[in-house]
Amino acid sequence: FCVDPKHEIMGKESETTATVRTRKFLTNRLLNRKQMVVDVLHPDRATVPKSEIKEKLAKMYKTTGDVVFCFGFRTAFGGGKSTGFALIYDTLDYAKKIEPKYRLVRQGLLEVKKTARKQRKERKNRMKKARGTAKAKLAAATKKE
Amino acid sequence: MVEDQKQEGLSLLELKNQSFLTYMANLVYLTLRKLKGLKIEKDSSIDRLVEARVVLERIRPLEDKLKYQIDKHVKTAADGVVSADDTLRLTGNLDNIVSSSDDDEEKEVTSKVKKTDDEEQKIYKIPKITQAHYDGEAKKNEAKEKARRRTLNSSMLRDALLEHTEDPEVVYNNDVLKQRAIKKRRELEVFEEENMIRKVVSRRDKAAMRQMTTLGTMGSEILGFNTMDALQHDYDPSAPAAKRQKTGKSSKSKGKGKFKGKKGFKKQKHRF
């Protein structure tokens, strides 16, 4: 039983295994990353979560899981196969510089502080009542309350 | 004759004339020899012939480039008068150039120039880089022909003509509309994988894609309808298609003698 370097068979989490295969592999030297199309075969199983795929890819390419970003997974009609994309960065620094913010948030590397929607709307309504320099004062006063 | 022009170099036409002459002379010589029954093998005149031939062939493209000028000059020489639309005559008039030392005149000129500039900026003028071919009449006829060909080759007419031919009926498995949908989907897939991005497909497009490729769709078997308008003599492809006029009485209500329409059908059934 030898493991084909392009395949990785998952086992313990569920009854049936899922196979992760990569296609269209490309080393992008300009952005310091490797990009590929990922095919996941998972018969008798729901769509595999991104975290699992991330771990498997990290193992395949001998890196840690935090520089692997996968996204865009779409399951084919009827189930059993999903296709998505994955990017594996050289270092975490490059990843933080290059990846778009929302993907970093998904991975947990970035935190976006957001005031509650209701608060933002109330602030906007308060600002509507003021005009000119008074408005600027009000804006500064109510900032991030 | 050749020597007095050697100061400026050998004229191309002179060279052409001389090489033609040598060619003709040598050719005649060889023909005479053959007529007398003598051998022409390894004769030096063959070398001269070959040389003259090569020179002539090399001159030909150069002459092609000068053709227009030569023709013009020949025509001028023949007519004795320079032709009216000779472009060499249309040079600028040096007296019309205004000297820059005159101040008042300059202001006038610049103001006029500005006005026309403004006007010109409003009107979009197509940049003239190369001459564009204008079709005009030919295009209209072509469109008519094309429309005619399309209806003649349509699946509807083909099905209708099947009963009149003795050829075996060939059933093709390629459904045009389905193939188009499949092709579109494939294109999208390729694009997405190339650029590592998921394109947002609108709900309508998504539904259309899904519907076309399902096994149950009839595709072009049912949906390909063509009107017979293009086969008429007075067909004008640019005119909008005429809508069918709604008549006051439809033909169904006229069921006098013949058994047409709903009631007519019932009557027919009764007979049996």
Side-chain angles (χ1 to χ4, degrees), chain A residues 6 20-41 47-50 53-54 57 60-61 63 67-90 94-95 97-107, chain B residues 127 129 150 153-159 162 169-227:
Chain A
K6 293 217 179 89
V20 172
R21 260 191 282 176
T22 63
R23 274 190 297 137
K24 296 207 175 165
F25 181 84
L26 175 68
T27 310
N28 192 336
R29 283 278 112 233
L30 299 166
L31 296 173
N32 309 104
R33 70 184 184 199
K34 304 185 184 81
Q35 48 196 56
M36 65 208 81
V37 175
V38 177
D39 274 342
V40 185
L41 301 168
T47 308
V48 182
K50 286 199 287 273
I53 299 175
K54 191 173 77 152
L57 282 171
M60 271 166 74
Y61 288 90
T63 53
V67 289
V68 179
F69 294 82
C70 32
F71 59 97
F73 279 91
R74 292 268 179 87
T75 313
F77 188 78
K81 182 173 175 192
S82 2
T83 311
F85 312 113
L87 309 167
I88 303 179
Y89 284 88
D90 291 347
Y94 282 130
K97 274 192 218 165
I98 298 163
E99 273 292 278
K101 301 282 185 303
Y102 71 93
R103 272 191 230 147
L104 293 171
V105 171
R106 279 187 196 173
Q107 198 93 318
Chain B
I129 307 166
R150 279 190 97 188
N153 291 334
S154 65
S155 60
M156 207 174 76
L157 269 187
R158 283 234 176 103
D159 284 346
L162 272 176
E169 180 185 337
V170 188
V171 178
Y172 295 102
N173 201 18
N174 55 345
D175 189 340
V176 176
L177 295 177
K178 272 196 190 177
Q179 292 299 336
R180 233 179 266 165
I182 290 170
K183 200 176 172 190
K184 210 174 176 193
R185 181 179 270 196
R186 190 93 190 83
E187 240 179 63
L188 182 68
E189 215 181 282
V190 168
F191 174 84
E192 286 188 342
E193 295 200 342
E194 263 316 294
N195 304 333
M196 308 268 292
I197 201 171
R198 287 286 180 209
K199 233 184 169 184
V200 178
V201 187
S202 74
R203 216 178 302 154
R204 206 178 276 182
D205 292 337
K206 235 190 280 182
M209 273 178 14
R210 241 185 296 135
Q211 185 211 34
M212 252 310 154
T213 53
T214 50
L215 288 171
T217 47
M218 305 279 275
S220 56
E221 284 175 36
I222 287 258
L223 294 178
F225 280 120
N226 293 64
T227 56

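Chain letters run A, B, ... following the sequence lines, proteins first and then strands; every chain starts at 1.
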Undergrad: Can you confirm whether A:Y94 is buried at OH, in the sense that more than 12 heavy atoms of other residues, nucleotides or ligands lie under 6.0 Å from that atom?
TA: no
Undergrad: Got a sec: does the CZ of B:R150 have more than 12 other heavy atoms crowding it under 6.0 Å?
TA: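 No, because the 6.0 Å sphere around CZ of B:R150 holds 12 heavy atoms or fewer from other groups.
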Undergrad: Look at atom NZ of A:K24 and say whether more than 12 heavy atoms of other residues, nucleotides or ligands are closer to it than 6.0 Å.
TA: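 Atom NZ in A:K24 is packed in, count exceeds 12.
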Undergrad: Below 4.5 Å from any heavy atom of chain B, which atoms of A:L26 appear? Answer side chain, backbone, both or neither.
TA: neither
Undergrad: With only heavy atoms counted, which part of A:R74 is less than 4.5 Å from chain B, the side chain, the backbone, both or neither?
TA: both
Undergrad: Using a 4.5 Å cut-off on heavy atoms from C-beta on, say whether the side chain of B:R198 contacts that of A:F71.
TA: no
Undergrad: Do the side chains of B:E189 and A:T83 get nearer than 4.5 Å, heavy atoms only?
TA: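 A:T83 vs B:E189: side chains apart.
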